[in-house]
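Position 1 is the first residue of the sequence, and the numbers go up from there.
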Amino acid sequence: MMKKLIEVKNLSVDYVTFEGKVRAVNDVSFHIGEGEILGLAGESGCGKSTIAYALMRLHRPPALISDGEILCDGRDVLKMSDEELRDFRWKDTSMVFQSAMNCLNPVKTIEYQFWDIFDAHNVVKTREESIEKAKDLLRIVDIPTERLFDYPHQFSGGMRQRVVIAMALALKPRLLIMDEPTTALDVVVQREILQKVYQLKEEFGFSILFITHDLSLMVELCDRIGIMYSGQLVELAPSKEILSQPMHPYAHGLGDSFPTLHGELQEMKGIPGSPLDLNNVPQGCRFAPRCFHASDVCHRAKPTLESSGEQRWVACHTPLEIQSVAQEA
Ligand SMILES: Nc1ncnc2c1ncn2[C@@H]1O[C@H](COP(=O)(O)OP(=O)(O)O)[C@@H](O)[C@H]1O
Ligand SMILES: [Mg+2]
């Protein structure tokens, strides 16, 4: 069994707005193993980024963590002091987010921005040492070291994103969170970057939480995938199984909505209905109004995520039979 690096237990996050409280993440539990790549997928607005930010305690008002625990090696991130948190943020986990490549400081050289990180965490004594370390990091993301003294605008989008990844790895974090890290890039560059990240992960052994709406990319990269619907984790399974043998009707629908990179050409069906209005959450299962497999109980009672076989978890009163779905496909 893989050792658990991060454990999220019954996490709930609310956005407190003038119209009232909106529960964007509702009672979500999962873990990330050491060296594991866990994917989080689901429609836009289902709470993926809210989880990512909460994990690093980077959430800001109106977001409020209302319940739950986030454990890193058994330490509760939600109870860490400011100082502990500062170390946790770069040394234990770091994050590359969607528009990260635009988050580099435009008026400072890359060299300065590396120095800023190393200096703030007292990991170097001199500027020369910082330059050497920064060059090593540029090398691992395949950027020529003489580019260290350039400004962000002198790089292409793909290169900037690689610089950001190098910075995220600067203090050798044990978990790298990537929230739609390559969405702004073209497909070829996207693939190159993710391949590089995978190589680095193999070399350094860190874990990854990979968030994207691109399921085919996710299946290729991840060990396990969690599917979210409307703030809830509805299914968690090995990535090879989640689309080919989904148990949750929503995961089944998602699989039908995405083209696979390999394999036979299939008709894409989509999921009828539209995502849930979080201000108006039904009493039972949140997916029930759109579910082709729902029964009475689904409209009455909220299902909880329960183990359903090795490495498989599903939150559904009427899960699909694995075999019958496989035959249907
Ligand atoms: N600043 C905010 N104020 C109010 N609601 C928000 C805010 N940010 C996000 N939300 C709500 O939280 C839900 C989850 O958002 P998010 O985590 O960004 O989803 P995802 O990353 O899956 O697209 C959305 O329904 C969104 O409306
Ligand atoms: Mg998001």
Side-chain angles (χ1 to χ4, degrees), residues 3-16 24-25 28-36 38 48-100 103-105 108-134 136-137 140 163-179 181 200-201 204-211:
K3 192 164 176 278
K4 291 177 187 173
L5 176 63
I6 297 280
E7 248 186 303
V8 174
K9 292 184 176 172
N10 308 102
L11 180 71
S12 292
V13 185
D14 293 321
Y15 286 96
V16 185
V25 172
V28 166
S29 302
F30 62 88
H31 76 268
I32 307 172
E34 278 184 356
E36 183 183 34
L38 179 74
K48 307 182 294 296
S49 297
T50 304
I51 290 184
Y53 281 87
L55 268 187
M56 291 189 73
R57 250 175 83 184
L58 281 170
H59 63 288
R60 291 282 166 269
L64 179 80
I65 296 181
S66 317
D67 207 358
E69 281 179 329
I70 298 169
L71 304 175
C72 176
D73 270 343
R75 291 173 299 153
D76 192 341
V77 178
L78 300 181
K79 294 197 177 121
M80 284 181 182
S81 66
D82 287 352
E83 200 176 327
E84 286 174 300
L85 202 55
R86 212 172 53 118
D87 271 359
F88 168 76
R89 280 200 189 128
W90 285 86
K91 293 183 183 161
D92 288 316
T93 79
S94 68
M95 175 142 112
V96 175
F97 37 95
Q98 187 168 352
S99 50
C103 289
L104 292 167
N105 186 335
K108 300 285 186 194
T109 65
I110 299 302
E111 188 278 318
Y112 182 89
Q113 301 187 48
F114 273 108
W115 160 247
D116 218 19
I117 300 169
F118 291 137
D119 185 44
H121 290 90
N122 299 319
V123 291
V124 294
K125 291 201 174 62
T126 63
R127 193 70 174 244
E128 286 68 37
E129 206 185 327
S130 164
I131 291 174
E132 284 317 306
K133 269 184 171 292
D136 286 344
L137 285 159
I140 67 172
V163 170
V164 170
I165 290 168
M167 283 179 183
L169 297 178
L171 300 191
K172 301 210 165 35
R174 299 159 73 202
L175 172 70
L176 179 67
I177 300 177
M178 299 200 295
D179 187 1
L200 295 174
K201 185 227 111 160
F204 298 110
F206 51 84
S207 314
I208 299 178
L209 178 64
F210 182 49
I211 297 175

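- Residues Trp90 and Ile117 form a side-chain contact, since some pair of their non-hydrogen atoms from C-beta on lies under 4.5 Å apart.
- A donor-acceptor pair is defined here as one N or O able to donate and one able to accept, closer than 3.5 Å; such a pair exists between the side chain of Glu84 and the backbone of Ser81.
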(request) Please lay out, stage by stage, how Thr50 and Tyr15 fare under the test side chain to side chain contact (heavy atoms under 4.5 Å, CB included). (result) CA-CA 10 Å; Thr50 304; Tyr15 286 96; 2.8 Å; yes
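- The minimum heavy-atom distance between Ala166 and Leu137, with the atom names listed, is O-CD2, 3.7 Å.
- Rounded to the nearest 0.5 angstrom, Ser66 OG and Asn10 CG are separated by 12.5 Å.
- Listed by chain and number, the residues in a side chain to side chain donor-acceptor pair (under 3.5 Å) with Ser130 amount to none (sequence neighbours excluded).
- Between Ser207 and Gly33 the shortest heavy-atom distance is OG-O, 2.9 Å.
- In terms of heavy-atom proximity, Val123 sits nearest to Lys133 at O-CE, 4.1 Å.
- Here the CD-NZ distance, from Glu34 to Lys4, works out to 12.5 Å after rounding to the nearest 0.5 Å.
- The side chain to side chain donor-acceptor pair (under 3.5 Å) test applied to Glu7 returns no partner, not counting sequence neighbours.
- Residues Leu171 and Phe118 meet the side-chain proximity criterion, which asks for heavy atoms closer than 4.5 Å.
- For the pair Pro173 and Ala168, the tightest heavy-atom approach, listed with the atom from each and the gap, is CG-O, 3.3 Å.
- Inter-residue side-chain proximity for Val164 and Phe97 is flagged as unmet; no heavy-atom pair is nearer than 4.5 Å.
- Of the charged side-chain nitrogens involved, at least one lies within less than 4.0 Å of a carboxylate oxygen, so that Lys3 and Asp73 count as a salt-bridged pair.
- A distance of 10.0 Å separates CZ of Arg60 from OH of Tyr53, quoted to the nearest 0.5 Å.
- A distance of 5.0 Å separates CG in Leu104 from CD1 in Ile110, rounded to the nearest 0.5 Å.
- Contacts of Ser29 classified as side chain to side chain donor-acceptor pair (under 3.5 Å), with partners at least two apart in sequence or in another chain: none.
- Remark: the backbone N or O of Ile32 is not paired with any side-chain donor or acceptor of Glu36 at under 3.5 angstrom.
- Tested against Val8, the residues Leu71, Leu55, Ile51 include a single side-chain contact (heavy atoms from CB on, under 4.5 Å) partner, Leu55.
- A donor-acceptor pair under 3.5 Å is formed between the side chain of Asp76 and the backbone N or O of Leu78.
- In this structure, CG on Leu11 lies 7.5 Å from CZ on Phe30, to the nearest 0.5 angstrom.
- In this structure the side chain of His59 never reaches within 4.5 angstrom of the side chain of Val13, judged on heavy atoms.
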(message) With side chain to side chain contact (heavy atoms under 4.5 Å, CB included) as the criterion, how do Leu85 and Val77 come out once you've worked through the C-alpha distance, each side chain's angles and the decisive distance to 0.1 Å?
(response) CA-CA 7 Å; Leu85 202 55; Val77 178; 4.3 Å; yes
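- Here the side chain of Arg86 pairs a donor or acceptor atom with the backbone of Ala120 at under 3.5 angstrom.
- A salt bridge links Glu111 and Arg127; the closest N-O separation between the charged side-chain nitrogens and carboxylate oxygens is under 4.0 Å.
- The minimum heavy-atom distance linking Val163 with Phe114 is given by the pair O-CZ, 4.5 Å.
- Expressed to the nearest 0.5 Å, how far OG of Ser94 lies from CD1 of Ile177 amounts to 8.0 Å.
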(request) Applying side chain to side chain contact (heavy atoms under 4.5 Å, CB included), run through Gln113 and Met167 and close with a yes or a no. (result) CA-CA 8 Å; Gln113 301 187 48; Met167 283 179 183; 3.5 Å; yes
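- Using a 4.5 Å heavy-atom threshold, the side chains of Phe204 and Ile140 count as touching.
- Side-chain N or O atoms of Arg57 include one that pairs as donor or acceptor with a backbone N or O of Met80 at under 3.5 Å.
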(message) Please determine whether side chain to side chain contact (heavy atoms under 4.5 Å, CB included) holds for the pair Tyr112 and Asn105, giving the CA-CA distance in whole Å, both sets of side-chain angles, and the decisive distance to 0.1 Å.
(response) CA-CA 10 Å; Tyr112 182 89; Asn105 186 335; over 6 Å; no
